[in-house]
Number of protein chains: 2
Amino acid sequence: MKQKVLNIIGIVTLGVILSFCAPNQTGEMNPHVVLTAQGVSSIKKELGRLPLLDKSVELLKAETEGDMELGIQVPVPKDPAGGYTHNRHKQNYTTMYGAGVLWQLTGEERYAEFVKNMLLKYAEMYPTLGDHPVNKSYAPGRIFWQQLNDAVWLVYTSQAYDCIKNYLTVDDRQVIESQLLIPYADFLSIKSTHVFNRVHNHGVWAAAAVGMVGYAMDEDELVQRALYGVKTESYDGKPQGFYAQLDLLFSPDGYYTEGPYYQRYALLPYMLFSQAIENNNPEYKIFEYRNQILKKAVLATLQMTNTDGKFFPFNDALKYMSYNAPELVNAVDIVYNAFPESKELLSIVKEQGEVVISPAGLKVAQDIAKGQAKPFQWLSMELRDGADGMQGAVGILRGNPYKNAPCVTMKYASQGMGHGHYDRLGIMLYDNGNEILSDYGAARYVNVVYKNGGRYLPENSSWAKQTVAHNTLVMDQMSQFGGDLKKAEKTAAQRWFFNAGNDHISIMSAKENHAYGSAKAQRTVALIKDNKHNSSSFVIDVFRIEDDEKHSYDLPFYYKGQLLYTNADYLSYTDQRGTMGKDFGYQHLWKEAEGKPSVENFQSVWYNNGRFYTMTSEAMPDDAIFFTRIGANDPDFSLRNEPGFMFRRENSAATCFVNVIEIHGNKNFNTEVVESQQGSVKSVHTLLNNQDYTIIEIKTVKTSSIVLAIANAKSDPSEEHSTNIAGKQYSWKGPFFLFEN
Amino acid sequence: MKQKVLNIIGIVTLGVILSFCAPNQTGEMNPHVVLTAQGVSSIKKELGRLPLLDKSVELLKAETEGDMELGIQVPVPKDPAGGYTHNRHKQNYTTMYGAGVLWQLTGEERYAEFVKNMLLKYAEMYPTLGDHPVNKSYAPGRIFWQQLNDAVWLVYTSQAYDCIKNYLTVDDRQVIESQLLIPYADFLSIKSTHVFNRVHNHGVWAAAAVGMVGYAMDEDELVQRALYGVKTESYDGKPQGFYAQLDLLFSPDGYYTEGPYYQRYALLPYMLFSQAIENNNPEYKIFEYRNQILKKAVLATLQMTNTDGKFFPFNDALKYMSYNAPELVNAVDIVYNAFPESKELLSIVKEQGEVVISPAGLKVAQDIAKGQAKPFQWLSMELRDGADGMQGAVGILRGNPYKNAPCVTMKYASQGMGHGHYDRLGIMLYDNGNEILSDYGAARYVNVVYKNGGRYLPENSSWAKQTVAHNTLVMDQMSQFGGDLKKAEKTAAQRWFFNAGNDHISIMSAKENHAYGSAKAQRTVALIKDNKHNSSSFVIDVFRIEDDEKHSYDLPFYYKGQLLYTNADYLSYTDQRGTMGKDFGYQHLWKEAEGKPSVENFQSVWYNNGRFYTMTSEAMPDDAIFFTRIGANDPDFSLRNEPGFMFRRENSAATCFVNVIEIHGNKNFNTEVVESQQGSVKSVHTLLNNQDYTIIEIKTVKTSSIVLAIANAKSDPSEEHSTNIAGKQYSWKGPFFLFEN
């Protein structure tokens, strides 16, 4: 694939170079990187007519002017992240970018003058700089402690330069290009090949920075360097540069292995550089590259959200982050502009409430004003992980494509690099726009200096990453892979089957054969809509594990809401309270109560924002249930004190945990009227569990029974299955079947 | 006052009776109780033109049709609240009312037929009924376990009858009136004078029921009985009936002593009956009565809200309840119709999203469609308690009149009857639309059968009502009045001064001389807007108490949000945890940590939805601070596990707690940018505290100092004060002064 693209590009390169205008003194050709001269002209015509565009211009003005009032401050780099010089240089590139754009829109010289003077200050300082004094990165920067930030600085500054280039004298350009832009681009590429050539988020930023400087300066060599990387003496023939990042960093479905919180951030340099490529080398057809991988990556990010727009918190993730983030504002505008048939993207922009001041943002604002927005549809889907799509996946099942529908996710992907959690086969449940079974996300308060300077907290490792912090099985009170990242990175979980093609039931199943030592685990989760009664949904969760040795198995569920009822026979620790354990995250769990089954099923009911959730769990006589709360061994009060259930089954080799969560009822908080607070599930029972089949039966007050059959050994859709249980024959085709009567 | 009204009414009564038409067979005069024939005609003309009206009609149709599908079910009364017969009879009156209105709007006979047949069923059953079998009320009903519900039934059913009267034959009317409506009205009045003549929410419902049946039947005697009560042999000359309820149940400012959660409910019969009076006896000028007390009561209810519409949870209150409740939909429509110059009410209706199908609702929908809505303004105000306005008050200070402004409340009123809490001088703080210092409200899950059948939980008494559950002082770890309701009801707190006339500072001060035995308490709370820097607000909270004996004083604050920082030197109970005490609510508090001051001020920072709150508290060397969490001794997991600080000062006779809460900064969750996370307060210090003056000084990084002087002995606005502290003279006029430099 890579070689083929190289050839195509090789052929067109000459033509491209010829079509470039030589840098010219009047600068009529600028801007042309992301904003374009033609775009500026169109935007000016539309000002005052498109509310979304006007609002966005006002926002940019307010932010830019506010900072410009402080004057030009270009301090000598000194501080780490969060410190004064770090924050100042970050703000400077934002302000230069804003002022550049505003110069184009308004023609007010003070904007151009501001950018010019600041760039000259940087050009004066840059040659004096060596490695940043905070020497803590594998790739120290010049203005910042790590090159990542330097690359971001250049991504924005190249656009600012592009915007005011036609305002500058030849001499000023010469100074800025020769003393700042060219050496900075060289520093990030030729002099830092270990970053520049690395298939990694940091490499993407560096490529975008170098390529966008190339476009801003009309210097094609830089663009080509960005696209194809730098050939070093030790070049091993592996793909490098931006095309390699496009080939390898996303899975074929557009999934980025760190999860959507970081995918959001990783997207931005892809999108900005690609827009620059499209503006200047449309013949590269960058948005078509690798079966439209850029579009897929953005759509995958948008799909990995609760219907309130917040990202699924796979791996290290701050749970407030949503598709309203500025990176997604850029990405959605740019992708819509490239694929204007995707009218559902306009609904996302309406929620975002702003557009980028660019031709893409203009197009979006125009089409929204024309009433072209269509509802965004949240779909059931499986997003494969790995460049080849063979590193497992994340699965998403939705009750319907609209706001507030129930949604269940399962992660059966690879580890997710250093930001990964030990959470194989972990699930989350959303309903009614709320988290119902939740994942903790990361233990971090970004940019809040009170909390470890805004960096990851120690509790991120001791709690958030641990297996027990997730809705998945813990064996012998130890995290998956013993909490060893290197072991975890070697393998991925394995998809077994995924089927969302049926109106009544959608279902996914995955296996994990490495995380639990020699034990083999398989989890199957189904979402069933009660079509007959149209009143409730069921989530059926079947977690089977088998090993030759006996183990202690814990299955925790972190529910969000108010516990209303449990049928467990329990002892509550009402005036003295201890923890659930000593390590692997257990030390962070308070033991609020412990109980045993009073009948053959545990049943618990909680409610969240007026809806009721009844969880019915098959129980063995010796099972224990714990009522837990996060927050022990947290001397700085950093953790959220959230409740959970934990089911414990000891002394078992092969076993199966079966849980059914029924979503039902409603409380109206205006009238206080409550409907259907009692669920319909009477019992849950495993009829059969072996290497070939797991068959479970749910009895409800409405139907005599629902039986879900899962094939564990053969997943072929055309495979015929048949088994006899207590004189009753169950026959079906494919990896699962739902029998109802 | 009462006598005067009686005379006026006496004179006009004859005329009124004469002007009544005799019941007539064609029934052209009906409806005329709340809905009117003229109103129906106007509404029909507007259908399809007013979105709010159309939506409301659709809502009514959906609800009514849904229930009509079940057919007519009039079961023999048997169950308590929440049981089948109880719920069925409640639903029946709603459905009859809806069907009656829809018959008027659509002319579809099935609606009228449904009401007729149901009324005939009730008429058949009613004569067979004695006291309700659940004999647990001081006033057992017929259909329901308590007469309150029967009165509500009749308030709705009288309107349903009114709507279909013109559809009924003379014979049907005779049966329904003689076997159901008249005896039911007699039961609620003549036969239950202990309820009917009582100045109480129950009496209001009974009066409204009897009066509205009177109007529906064109039977003025019933109307007069409702207005003036029933004269019994033991009549003591005290006012009775609806006019007495108008005179005595609300304070002159429209405050109802149980607090807004119950005020919302209490309002409905007032509003409906008053609308009926206005429709049929406009010469009574009911909306002008007692200086427009009905309007005042509705406005007071609306003002006692956070800017998200939720009521301040004074006393027993479910915290989700807001002005979107159906009672307020009725009340706002009716008051607007009577006072259409109150355009700000239309903004409330827009949030409510529906109108009542009545002439009032029509008027509201029309004026909203005309674009007449003005923003509702939340104002600083003091609402006096007691019929005479002499039972203390609740005070409300607001930073500005718009959404999300900071707001601090203090309750220095009477006990609030059986639903009252021991919370004298308790405060709440709101900001940015969120609770910041919160009151627990009631421990109850209304209509949730899992939780004590939906009734108040035991924890309502053991926790929610106790003093320690509120942001107010606890003396000797005991609740105010020793938790004795009778003692508490004898006295009210006392307003000292209230001043919201200044742009920069608003302030309120109150005294409580009975709740703490012989000790005298005074709390002063000021809200200061930082006009100079326009970036933050301060709440200054000064709680002084004095007694001859030494005591242990606890001042708890229940903060909402994530604790970020404290400067206390503390020990955290990280793996074993006990409670704060044994009784008076302390048994429900976990002790998470305890500390002592590291310097002369405690300082803690938390954040809530991206804003920062820094609390700086003057500390004595022997003070202790506790970090608490609600939820101990809660075996059923019924309580919300919310955090708090508690300041403890032991061995003190007279002392003063000074706390300053600074509201500042912002975290943007889209960009993760954090601004002004560090507050500006350096220290808080009492310069003087004696029976005459309390003078406190706040030093900030921005100003050299802010000094607040409070006069404790003389509150006259014209009084001149002067005192010398450490060689510095402080002179001012009035009960408080703010010195800034």
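The sequence lines fix the lettering, A, B, ..., with proteins before strands; numbering per chain opens at 1.
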The reported gap from CZ in B:Phe645 to CZ in B:Phe626 (rounded to nearest 0.5 angstrom) is 14.0 Å
Cross-chain donor-acceptor list, chain B x chain A, under 3.5 angstrom:
| residue | atom | partner | partner atom | Å |
| --- | --- | --- | --- | --- |
| B:Tyr261 | OH | A:Glu672 | OE1 | 3.2 |
| B:Tyr261 | OH | A:Glu672 | OE2 | 2.7 |
| B:Tyr320 | OH | A:Lys667 | NZ | 2.9 |
| B:Tyr320 | OH | A:Glu672 | OE2 | 2.7 |
| B:Tyr445 | OH | A:Gln562 | OE1 | 3.2 |
| B:Tyr445 | OH | A:Gln562 | NE2 | 3.2 |
| B:Val446 | O | A:Lys667 | NZ | 2.7 |
| B:Asn447 | O | A:Gln677 | NE2 | 2.9 |
| B:Asn447 | ND2 | A:Glu672 | O | 2.6 |
| B:Val449 | N | A:Gln677 | OE1 | 2.7 |
| B:Tyr450 | OH | A:Gln677 | O | 2.9 |
| B:Gln562 | OE1 | A:Tyr445 | OH | 3.1 |
| B:Gln562 | NE2 | A:Tyr445 | OH | 3.2 |
| B:Gln562 | NE2 | A:Phe637 | O | 2.7 |
| B:Tyr570 | OH | A:Pro635 | O | 2.7 |
| B:Thr574 | O | A:Asn633 | N | 2.7 |
| B:Arg577 | N | A:Arg577 | O | 3.0 |
| B:Arg577 | O | A:Arg577 | N | 3.0 |
| B:Arg629 | NE | A:Asn641 | OD1 | 2.9 |
| B:Arg629 | NH2 | A:Asn641 | OD1 | 3.2 |
| B:Asn633 | N | A:Thr574 | O | 2.8 |
| B:Pro635 | O | A:Tyr570 | OH | 2.7 |
| B:Phe637 | O | A:Gln562 | NE2 | 2.7 |
| B:Asn641 | OD1 | A:Arg629 | NE | 2.9 |
| B:Asn641 | OD1 | A:Arg629 | NH2 | 3.2 |
| B:Lys667 | NZ | A:Tyr320 | OH | 2.9 |
| B:Lys667 | NZ | A:Val446 | O | 2.7 |
| B:Glu672 | O | A:Asn447 | ND2 | 2.6 |
| B:Glu672 | OE1 | A:Tyr261 | OH | 3.2 |
| B:Glu672 | OE2 | A:Tyr261 | OH | 2.8 |
| B:Glu672 | OE2 | A:Tyr320 | OH | 2.8 |
| B:Gln677 | O | A:Tyr450 | OH | 2.9 |
| B:Gln677 | OE1 | A:Val449 | N | 2.7 |
| B:Gln677 | NE2 | A:Asn447 | O | 3.0 |

Under the criterion side chain to side chain contact (heavy atoms under 4.5 Å, CB included), I'd like the reasoning laid out for A:Val355 against A:Val329: C-alpha separation, chi angles, the key distance, then a yes or no. CA-CA 6 Å; A:Val355 294; A:Val329 173; 5.6 Å; no
Can you list the residues that meet the ring pair (Phe, Tyr, Trp, His ring centres under 6.0 Å) rule with B:Phe602, with sequence neighbours excluded? B:Phe647
For B:Ala464 against B:Ala443, the heavy-atom pair lying closest together: CB-N, 4.0 Å
Heavy-atom check, side chain of B:Val674 versus side chain of A:Val449, under 4.5 Å: no
Flag the pair B:Leu563 / B:Phe627 as yes when at least one side-chain heavy-atom distance between them is below 4.5 Å, and no otherwise. yes
Name the member of A:Pro635, A:Gly454, A:Gly578 that forms the most heavy-atom pairs with chain B at distances under 4.5 Å. A:Pro635
Is A:Leu571 in contact with chain B via its backbone, its side chain, both, or neither, using a 4.5 Å heavy-atom distance? neither
Considering only heavy atoms, which portion of B:Leu328 lies under 4.5 Å from any heavy atom of chain A: side chain, backbone, both, or neither? neither
Write down the atom of B:Ala317, the atom of B:Pro313, and the distance for their closest heavy-atom approach. CB-CA, 3.7 Å
By a 4.5 Å heavy-atom criterion (distance strictly below it), what part of B:Val605 contacts chain A: side chain, backbone, both, or neither? side chain
